[in-house]
Structures are given as structure tokens and as C-alpha cells.
Amino acid sequence: MIPDLPDHIDQIKGFLAEDEALALYQHAAHASALGPVLEIGSYCGKSTIYLGLACRGNNSTVFALDHHRGSEEHQQGEFFHDPDLYDAGEGVMDTFKEFRRNIRAAGLDDVVVPLVSDSETTARQWQTPLAMVFIDGGHSLDAALSDYRCWASHVMRGGILAIHDLFADAHQGGQAPYAIYRMAVASGLFADLGQVNSLGILRRL
Ligand code: MG
């Protein structure tokens, strides 16, 4: 259904449901005609590939922002820790090597621009208007608020703000992404286009 989607996409490490991936692709395919897309929290590049394939059709760019040291839940001893992505020599998580491998294998090196840093450092001098921002970074309230404050204002009129891991019920998952989603709705700056699974979609008015 998506041209050039790698056959092994399901083997790429990540946390993205098929219906969410398709929704990301469709919104990015439309939005990237207006400008570049920025993703916060690329991990091993699974969602980046969907965004990249969508952008390539419009000669657009995906900025893939991630410090590649893993979020809270990826650290040693945490529930989502993956020992394959742990650099024992340095004593830190390192998802960048796996990310680069996956982007290269998908043929997207000339579409995806990795930004290996954190939100606040990258946002400090940022001036480029963004046609779509996909927030899928840290799930602590501090991290989610920082991502929202750093990037929501850069979404151009008519552009898309997408937020992953929305759970209205706290038993299903952390509440920080849902908190910034409600902030975006309450700001009056976005139209709520609804949810696909745990992916919330808003359009900048
Ligand atoms: Mg996520």
C-alpha cells in the first residue's frame, strides 16, 4: 500500500502500531507539500521511515530529532530496556547506530536529516517553519512539556501536530502525552482531528 516500504519494516525495533504508521504517512504525504517535517523521538527509525517515504514524494525533508540515549523507560533495569542497544563500553544507550542502519537500508539518507541532540538545545536557534511536528519523545511530564513548548509554535498554519501515546485511562499508559495534547486543544490554536489508536492529530489553524 505504501510504495518502497521495506519488507522488513515489522522487524525494525519500535513502538508504532500499523494503523498509526499509516496515519502518519498519510498526514505527512499531504503536509510535506508545504514544508519539512520534524520528528521528536526517532529511536531506531521505524516511524522516521514512514515519514521519510511520505516526504520523498514531495522532495521534502524529515528532521529526525533524538539524543539517541533512550528515554527513561529504555534505561538499564527499566521495562523497555533493550540490551542490544546498550553501549557497554560507554555505559549508555546508543540507538543512533541502529537508526542510521535502518534509514540507509530504506534508501532515505537524502530525505532524513538526523539531529542528534535534545529538544531544548536544538530548538534554541530554530527558525524554520514546520509543516508537521510529530512528538514521540520522553514520557515524563518534564520531557513532554519541553517538547510541546519547544516545537508547537513552529507548526505553520495549516500544518499538523501529531502526538503519540495518548491514553485517556492512566491504567493504559502514562499521562504526559495526553496532558500536552489537551494543552494543544485548549490553546485554541489547533483543530482536533481526532485519534488513530494512540496517535492524536491536530491541525494548526
Ligand atoms: Mg511512542
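Positions are given from 1, in the same order as the sequence printed here.
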C150 vs T122, side chain to side chain contact (heavy atoms under 4.5 Å, CB included): CA-CA, chis, key distance, verdict:
CA-CA 9 Å; C150 284; T122 307; over 6 Å; no

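- Contact of the W151 side chain with the L161 side chain is not registered, since no non-hydrogen atoms from C-beta on lie closer than 4.5 Å.
- Side-chain atoms of T121 do not come within 3.5 Å of backbone N or O of S117 as any donor-acceptor pair.
- When the side chains of ILVMFWY residues are joined at heavy-atom separations under 4.5 Å, either directly or via intervening members, F134 and I49 end up in a single hydrophobic cluster.
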Test side chain to side chain contact (heavy atoms under 4.5 Å, CB included) applied to I160 and L193, step by step:
CA-CA 10 Å; I160 295 291; L193 303 188; 4.1 Å; yes

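- Scanning both residues, S60 and G35, for their nearest heavy atoms gives OG-O, 2.9 Å.
- Placement of L202 and I135 within a single hydrophobic cluster is found when ILVMFWY residues are connected by side-chain heavy-atom separations under 4.5 Å, directly or transitively.
- Taking the side chain as every heavy atom from C-beta outward, V37 and L130 never approach each other to under 4.5 Å.
- Closest non-hydrogen pair, A144 versus I180, comes out as O-CG2, 3.6 Å.
- Atom CD of E78 is surrounded by more than 12 heavy atoms from other residues, nucleotides or ligands within 6.0 Å.
- Residues E39 and D136 have side chains not in contact (no heavy-atom distance under 4.5 Å, counting atoms from C-beta outward).
- Taking 4.0 Å as the cut-off between side-chain N and carboxylate O, D84 and K13 count as a salt-bridged pair.
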Given the rule in the side chain to side chain contact (heavy atoms under 4.5 Å, CB included) test, do I103 and T48 qualify, once you have shown the distances and angles that lead to the verdict?
CA-CA 8 Å; I103 296 305; T48 320; 3.9 Å; yes

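- When atom types are taken as modelled, the side chain of E90 and the backbone of V92 share no donor-acceptor pair closer than 3.5 angstrom.
- Grouping the Ile, Leu, Val, Met, Phe, Trp and Tyr side chains by contacts below 4.5 angstrom, directly or via other members, places L141 with Y181.
- With respect to the salt-bridge test (charged N to carboxylate O, under 4.0 angstrom), the residues D110 and R56 do not qualify.
- Atoms CG and CD1, from D118 and I40 in turn, are 11.5 Å apart once rounded to the nearest 0.5 Å.
- Between E20 and H164, the side chains place a donor N or O and an acceptor N or O closer than 3.5 Å (distance only, hydrogens not considered).
- Note: F15 and Y43 have tilted aromatic rings, judged against thresholds of 30 and 60 degrees for the angle between ring planes.
- Between F96 and F99, the two ring planes are parallel [angle under 30°; tilted spans 30° to 60°].
- Scanning all heavy atoms of the two residues, the minimum distance from P36 to T128 falls at CG-CG2, 3.9 Å.
- Taken from CG in L53 to CD1 in I2, the straight-line distance is 7.0 Å, to the nearest 0.5 Å.
- I12 has its side chain within reach of I9: a pair of non-hydrogen atoms, C-beta onward, lies under 4.5 Å apart.
- Under the 4.5 Å side-chain heavy-atom criterion for grouping Ile, Leu, Val, Met, Phe, Trp and Tyr, W126 is not connected to V112 through any hydrophobic cluster.
- Nearest heavy-atom pair across D147 and S119 is OD1-OG, 2.5 Å.
- To the nearest 0.5 Å, atom CG of residue L51 and atom NZ of residue K46 are 13.5 Å apart.
- In the hydrophobic cluster analysis, where Ile, Leu, Val, Met, Phe, Trp and Tyr join through side-chain heavy atoms closer than 4.5 angstrom, V111 is grouped apart from F63.
- With sequence neighbours excluded, the residues that form a side-chain contact (heavy atoms from CB on, under 4.5 Å) with S71 are E73, H74.
- The two residues E72 and S140 make their nearest non-hydrogen contact at OE2-OG, 3.2 Å.
- Using a 4.5 Å heavy-atom threshold, the side chains of L24 and L199 count as touching.
- Within 6.0 Å of the CZ atom in R100, the count of heavy atoms belonging to other residues, nucleotides or ligands does not exceed 12.
- Side-chain contact check for H68 versus E98: every heavy-atom pair is 4.5 Å or farther apart.
- With contacts defined as side-chain heavy-atom distances shorter than 4.5 Å, the pair T61/C55 does not qualify.
- Rounded to the nearest 0.5 Å, atoms CZ (R124) and CD (E120) are 8.0 Å apart.
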Apply the test side chain to side chain contact (heavy atoms under 4.5 Å, CB included) to residues L166 and Q195: give CA-CA distance (whole Å), side-chain angles for both, the deciding distance (0.1 Å), then the verdict.
CA-CA 8 Å; L166 301 185; Q195 261 180 254; 3.8 Å; yes

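- Taken to the nearest 0.5 Å, the CG atom of L34 stands 6.0 Å off from the CE atom of M156.
- Judged by distance alone, the side chain of R69 and the main-chain N or O of M93 form a donor-acceptor pair under 3.5 Å.
- The closest side-chain heavy-atom distance from F190 to L205 is not below 4.5 Å.
- Heavy-atom minimum distance, A23 versus V196: CB-CG2, 3.9 Å.
- Interatomic distance, H8 NE2 to L5 CG, rounded to the nearest 0.5 Å: 9.0 Å.
- A donor-acceptor pair is defined here as one N or O able to donate and one able to accept, closer than 3.5 Å; no such pair exists between the side chain of S146 and the backbone of D142.
- With no hydrogens or angles considered, no side-chain donor-acceptor pair links S42 and D66 at under 3.5 Å.
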